[in-house]
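Data first, discussion second: the structure below is written as structure tokens.
Please read all numbers here as calculations on a predicted model, not as lab measurements. Excluded from the calculations below are hydrogen atoms, water molecules and symmetry mates; all remaining heavy atoms, backbone and side chain alike, are included.
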Amino acid sequence: RRQSISCCLFCVDCRKWPRSFFRPCAQGTPRWMIPLDTSPETRQQLFELVSQAINKFYEHNPSVKSEVYHSADDEPQPLSDLAITSETGRDIHDLLATIFHGAEHGQNTTQPGFMAYIPGGGLFSSCLAELISSVMNRHLAYHYTTPVLSEIQWECIKWILGLLKFPQDSRGILTSGSSIANYIALVTARMTRLPENFLDGVIYISNQTHHCVAKVALLAGFPSRSIRIIPASAPTYQLDLQLLRQAIAEDRAQGLRPFCVVATGGTTNCGAVDDIDALASLCEEESLWLHVDAAYGGFLGLMTERGQTQYQGIERADSVALDMHKSLFLPYGIGGLFVRDGAALYYAHNAFHLLQEASYIPSAARPDLDVLAHTDKELQAAVPVPPGTRPPPVYNHTDYSPELTIDFRGLRIWLPLQLHGTRAFQENLEEKFHLTDMALTRLRSLSHVRLLVPEPQMTIITWHVVPRLAGMEPAADLSMYNEISEEAMNHVNDQSHAFLSGTVLDGVFVVRLCILSYLTTREVMESCLRDIEEGVQIVVRKYAAQHGVEMEM
């Protein structure tokens with residue numbers, strides 16, 4: 001029997017947000033099982049209900065406050081209807097109510113004032129692309145299975161390789177995010193720069209490198225002793241080249257094998273961009289693989305004139321990791337790795353020279369064994385991919401990835417870029433720099449605020465509270481003000497116009513503004529800055545009263 005999804009699709013009285021919005025009226029909704037092979041009528045009704053729910057979400061979401069849970073006891077109690085127990089199916093209204101009710105708890109990453117951590121985008125046109133790709137349900141492992149859709153994905157990769165100014169034989173792969181992209185980069189560097197027994201290889205990162213890099217290095221098989229952490233110090237917090245050069249020399253002297261340096265194109269703590277050009281020169285001298293983790297800053301650095309000055313030398317990197325769900329404003333789950341030597345990425349992800357009996361793979365999809373012609377002896381000697389080796393002309397995405405089931409992620413990039421045009425993205429990214437300048441000007445004017453990084457390279461601002469009190473010099477140990485700086489941040493968050501997060505730099509708690517969402521406008525920044533000024537005044541006045549002195553204005 002074909003079912004009716006709703007008997008009161010437009011009933012106003014039973015459509016109150018959040019949960020009753022989706023409930024049927026008193027007549028009830030038939031609870032017959034919806035078959036897996038849905039009818040056109042059922043699909044249409046489901047689409048209409050989901051569309052209504054999404055539109056209501058967009059209408060309501062800007063006012064949803066981000067919530068902070070300091071322990072499991074603070075978290076909301078789970079709804080009783082989450083468990084999967086129904087054998088005959090449940091009411092779609094109740095299910096949608098449960099889902100969208102859940103979005104009201106936790107951090108609202110699509111709020112225009114969300115400037116905590118690294119904001120994600122959630123661009124609607126990319127959401128539509130994800131729906132379309134899921135409905136099509138094609139995987140893109142081999143070009144011959146879905147040639148047109150495979151080309152769409154390849155065009156997205158080529159577009160980004162072009163932004164990086166990588167050569168024609170460069171290659172890339174789309175991933176769920178930069179964690180996996182960084183993992184693939186380290187495996188590729190290991191496979192092409194080290195022998196099979198690679199445990200004496202050394203990777204160099206800074207103390208500002210994202211923690212996922214160390215995590216994936218361990219997953220790639222390296223012991224913790226293989227990860228060398230180089231200090232990055234104030235005021236720039238860039239990787240120290242002199243200390244790096246010294247560490248490389250010391251490791252070589254001990255018989256170790258330095259092979260990879262990881263630079264950052266915009267750190268999570270404060271947006272620092274390492275000197276990519278200088279690092280590229282050092283890596284060329286030392287025959288090291290240079291990987292750039294540009295998860296946050298990538299498209300700021302590639303698509304804006306101001307960002308490009310910070311990204312000088314990016315075309316000399318061996319590999320670059322990017323998150324399109326950060327500075328390209330797309331929904332979570334879309335990143336990528338892009339490698340200058342496409343043959344190296346190709347070689348690192350093929351095992352047909354070991355397992356040539358995979359006869360279920362058609363010959364047209366099999367990799368070019370000429371590229372994979374290393375013998376065991378050559379592998380043990382760490383012979384890299386021979387110079388001049390080119391990747392095959394047919395782009396099988398699985399040849400550049402650990403995955404065989406390749407998601408059609410490219411549509412989430414291709415559709416928005418085609419629909420809105422690249423200029424819309426470029427102008428929005430440039431606006432983020434303008435908003436950063438605006439915020440910096442205001443914060444510099446506040447007598448009780450000190451910037452930890454006076455001249456940010458990207459769109460992250462770090463500040464903390466330093467009370468100016470009559471007759472009292474500020475404490476030499478700025479960590480003395482950690483508590484009141486956090487109080488000022490909490491005041492801002494309580495006003496619900498913006499949501500900020502903090503971090504610690506050299507023992508000092510600082511408040512971060514990461515200005516990245518495409519929804520963050522000048523009006524949103526004005527509200528946030530007013531809340532900051534008010535919060536600073538409140539905590540400094542309280543601090544002055546505790547010490548029995550007057551605060552300076």
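Under the 3.5 Å distance criterion, with hydrogens and angles disregarded, a donor-acceptor pair is assigned to the side chains of Thr459 and Tyr296. Side chains of Thr503 and Asn269: a donor on one and an acceptor on the other come within 3.5 Å. Counting only N and O atoms by type, the side chains of His291 and Asp318 include no donor and acceptor under 3.5 Å apart. Side-chain atoms of Ser501 and Arg512 include a donor-acceptor pair closer than 3.5 Å. Using modelled atom types, one finds no donor on one side chain facing an acceptor on the other under 3.5 Å when comparing Gln246 with Gln242. Counting only N and O atoms by type, the side chains of Asn396 and Tyr144 include no donor and acceptor under 3.5 Å apart. The closest side-chain donor-acceptor pair between Asp277 and Gln312, if any, does not fall under 3.5 angstrom. Counting only N and O atoms by type, the side chains of His420 and Ser125 include a donor and acceptor under 3.5 Å apart.
Here the straight-line distance linking atom CG of Leu282 with atom CG of Leu290 works out to 9.5 Å at 0.5 Å rounding. The line from NE2 of His349 to CZ of Arg171 is 14.5 Å long, rounded to the nearest 0.5 Å.
Between His143 and Tyr395, a ring centre-to-centre spacing not shorter than 6.0 Å is recorded. Aromatic ring centroids of Phe124 and Tyr58 lie under 6.0 Å apart. Close placement of the Phe198 and Phe222 rings is indicated, their centers lying within 6.0 Å of each other.
Using the six-membered ring where Trp is involved, Tyr346 and Tyr400 have ring planes that are tilted, between 30° and 60° apart.
Across Trp289 and Thr192, no two heavy atoms sit closer than the pair CZ3-OG1, 3.6 Å. Between Pro416 and Leu330, the shortest heavy-atom contact is CG-CD2, 4.2 Å. Nearest approach of Gln111 to Asn61, heavy atoms of both residues: N-ND2, 4.1 Å. Contact record, Leu505 with Cys270: CD1-CB, 4.3 Å, taken as the closest heavy-atom pair.
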How far apart are the C-alpha atoms of Arg228 and Glu250, what are their side-chain angles, what is the distance that settles it, and do they pass the salt bridge (Lys or Arg N to Asp or Glu O under 4.0 Å) test?
-> CA-CA 11 Å; Arg228 200 73 70 245; Glu250 290 174 355; over 6 Å; no
What do the steps show when you test Asn207 against Thr209 for side-chain hydrogen bond (donor to acceptor under 3.5 Å, both in side chains), and what is the final call?
-> CA-CA 6 Å; Asn207 60 1; Thr209 302; over 6 Å; no
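Under the salt bridge (Lys or Arg N to Asp or Glu O under 4.0 Å) criterion, Glu431 pairs with no residue, sequence neighbours left out.
For the pair Lys158 and Glu151, the salt-bridge criterion is not met [side-chain N within less than 4.0 Å of a carboxylate O]. A salt bridge does not link Asp407 to Arg138: none of the charged nitrogens lies less than 4.0 Å from a carboxylate oxygen. Taking the charged nitrogens against the carboxylate oxygens, Glu284 and Arg316 do have a contact shorter than 4.0 Å, which makes a salt bridge. Taking a cutoff of 4.0 Å between a charged side-chain nitrogen and a carboxylate oxygen, Glu130 and Arg409 do not qualify as a salt bridge. Between Asp341 and Arg390 there is no salt bridge, since no side-chain N of the basic residue sits under 4.0 Å from a carboxylate O of the acidic one.
Within the 4.5 Å cutoff, side-chain heavy atoms of Leu435 are placed close to those of Thr520.
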